[in-house]
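See structure below.
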Amino acid sequence: MLTAVPIPGKRKSSDLCNAFIAGAPKTAKGRVFYGTLAGPLQVYRQSLREGIPCWLIDGSYFDSVRGQQFRVTLNTLQVLGARNRESDGKRFDALGLEIKRPQRAANGHTVVCHQSPEFMRDIACDPFWVQRHLDFLAPLRTVQRPWLRDKAAQQATLHADLQGASLLLTHSSAAAVTALLEGVPVATSEMSAVSGCRLEDRLHFMNVLADNQFEISELKDGTAWRLLNR
């Protein structure tokens with residue numbers, strides 16, 4: 001059977017885990033997580049060592065439906081290998097998002113999106129990833145975007161910072177998806193769902209990402225389970 005491993009004391013975490021379990025077959029086995037810091041992280045890592053399937057739920061890849069749709073992955077934090085996955089594109093089309101023309105700002109600034117210190121230490125296991133890549137890229141100008149707990153406030157200023165940018169640098173923040181939609185190239189870690197995505201690849205990557213995120217009703221009615229296990 002599937003077992004929920006929510007963040008202790010977080011009702012939203014429990015509700016999302018239980019919604020996914022409700023839509024899965026009774027014969028399904030594994031553990032379901034929403035949030036993998038602190039206690040759940042230890043359970044997740046131990047489960048992987050023991051070969052127990054781990055379904056991870058987290059926020060949408062697309063800022064426009066954050067809080068309305070949630071990504072779901074198996075044994076990884078974000079969907080990987082998008083380049084080699086197939087999609088009919090219908091779920092991305094339904095989002096009504098525009099993939100804008102490349103900005104071509106060759107001498108523009110680099111937008112640096114930081115993630116929480118806890119994430120970089122405990123999940124990325126690489127607290128200095130951003131600084132190493134900044135040292136390597138040596139951009140002339142940067143716009144630094146510190147991590148904020150208030151995601152809505154953080155999203156509200158991202159589009160303005162992307163104007164005239166030639167690159168967005170982030171370990172695995174969903175800001176990379178927004179940047180690609182806006183026509184700005186990105187540099188990310190391999191843990192990001194858009195790792196290796198070139199501007200000419202964007203439609204395919206966005207199609208795949210949209211196929212791997214769901215409304216709560218789709219978690220409950222089994223749509224998510226069917227699409228993830230087809």
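Keep in mind that this is a model prediction, so the values were computed, not measured. Atom set for the values below is all heavy atoms of this structure, side chains included, hydrogens, waters and symmetry mates excluded.
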Any side-chain heavy-atom pair from [X] and [Y] closer than 4.5 angstrom?
| X | Y | result |
| --- | --- | --- |
| Arg45 | Arg49 | yes |
| Leu134 | Pro139 | yes |
| Thr73 | Asn212 | no |
| Phe33 | Leu77 | no |
| Arg31 | Pro40 | no |
| Val72 | Leu56 | no |
| Leu181 | Leu97 | yes |
| Val65 | Gln213 | yes |

Do [X] and [Y] sit in the same hydrophobic cluster, where Ile, Leu, Val, Met, Phe, Trp and Tyr count as joined when their side-chain heavy atoms come under 4.5 Å apart?
| X | Y | result |
| --- | --- | --- |
| Leu2 | Phe70 | yes |
| Ile57 | Leu228 | yes |
| Ile99 | Leu209 | yes |
| Leu74 | Phe214 | yes |
| Leu16 | Val32 | yes |

Full working for side-chain contact (heavy atoms from CB on, under 4.5 Å) between Gln115 and Ser172: CA-CA 8 Å; Gln115 291 167 260; Ser172 50; 3.4 Å; yes
side-chain contact (heavy atoms from CB on, under 4.5 Å) between Arg91 and Leu227, worked out: CA-CA 11 Å; Arg91 291 182 68 85; Leu227 291 180; 3.9 Å; yes
Least distance between heavy atoms, [X] atom then [Y] atom:
| X | Y | result |
| --- | --- | --- |
| Pro102 | Leu199 | CB-CD1, 3.6 Å |
| Asn18 | Ala4 | OD1-CB, 3.9 Å |
| Asp63 | Ala174 | OD1-CB, 4.4 Å |
| Ala176 | Val186 | O-CG1, 3.5 Å |

With distance as the sole test, does [X] use its side chain to make a donor-acceptor pair with the main-chain N or O of [Y] at under 3.5 Å?
| X | Y | answer |
| --- | --- | --- |
| Ser47 | Ile52 | no |
| Arg66 | Lys151 | no |
| Arg141 | Asn107 | yes |
| Gln131 | Phe128 | no |
| Gln103 | Gln163 | no |
| Asp201 | Cys197 | no |
| Tyr61 | Val79 | yes |

Ion pair [X]/[Y], N-O distance below 4.0 Å:
| X | Y | result |
| --- | --- | --- |
| Arg85 | Asp211 | no |
| Glu98 | Lys100 | no |
| Asp135 | Arg132 | no |

Distance (rounded to the nearest 0.5 Å) between [X] [atom1] and [Y] [atom2]:
| X | Y | atom1 | atom2 | result |
| --- | --- | --- | --- | --- |
| Ile216 | Lys12 | CD1 | NZ | 8.0 Å |
| Leu80 | Met191 | CG | CE | 8.5 Å |
| Trp147 | Ser116 | CH2 | OG | 5.0 Å |
| Thr178 | Leu158 | OG1 | CG | 5.5 Å |
| Gln69 | Ser64 | CD | OG | 8.0 Å |
| Gln46 | Leu41 | CD | CG | 11.5 Å |

So with a 6.0 Å cut-off around [atom1] of [X], is the heavy-atom count from everything else above 12?
| X | atom1 | answer |
| --- | --- | --- |
| Lys29 | NZ | no |
| Glu200 | CD | yes |
| Glu190 | CD | no |

Does Phe62 have its ring centroid less than 6.0 Å away from the ring centroid of Phe92?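 Yes, the ring centres sit under 6.0 Å apart.
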Determine whether Glu218 and Arg226 satisfy the following criterion, side-chain contact (heavy atoms from CB on, under 4.5 Å), listing intermediate values before the conclusion. CA-CA 10 Å; Glu218 294 178 313; Arg226 289 193 298 273; over 6 Å; no
Donor + acceptor pair across side chains of Asp150, Gln154 (<3.5 Å):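 No pair is found: no donor N or O on one side chain lies under 3.5 Å from an acceptor on the other.
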Between Thr170 and Arg145, a side-chain donor and acceptor under 3.5 Å: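 Result is no, nothing qualifies.
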Begin from the C-alpha positions of Gln78 and Thr188 and carry the test side-chain contact (heavy atoms from CB on, under 4.5 Å) through to its verdict. CA-CA 13 Å; Gln78 297 189 22; Thr188 71; over 6 Å; no
Applying side chain to side chain contact (heavy atoms under 4.5 Å, CB included) between Leu168 and each of Val143, Asp161, Val111, Val112, report the one that passes.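 One option only clears the test, and that one is Val111.
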Identify the residue among Ser189, Ser192, Cys113 that makes a side chain to side chain contact (heavy atoms under 4.5 Å, CB included) with His171.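 When Ser189, Ser192, Cys113 are each tested with His171, the side chain to side chain contact (heavy atoms under 4.5 Å, CB included) holds only for Ser189.
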Name the orientation class of the two ring planes belonging to Trp225 and Phe20 (parallel below 30°, tilted from 30 to 60°, perpendicular beyond 60°).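 Because their plane-to-plane angle lies in the 30° to 60° range, the rings of Trp225 and Phe20 count as tilted.
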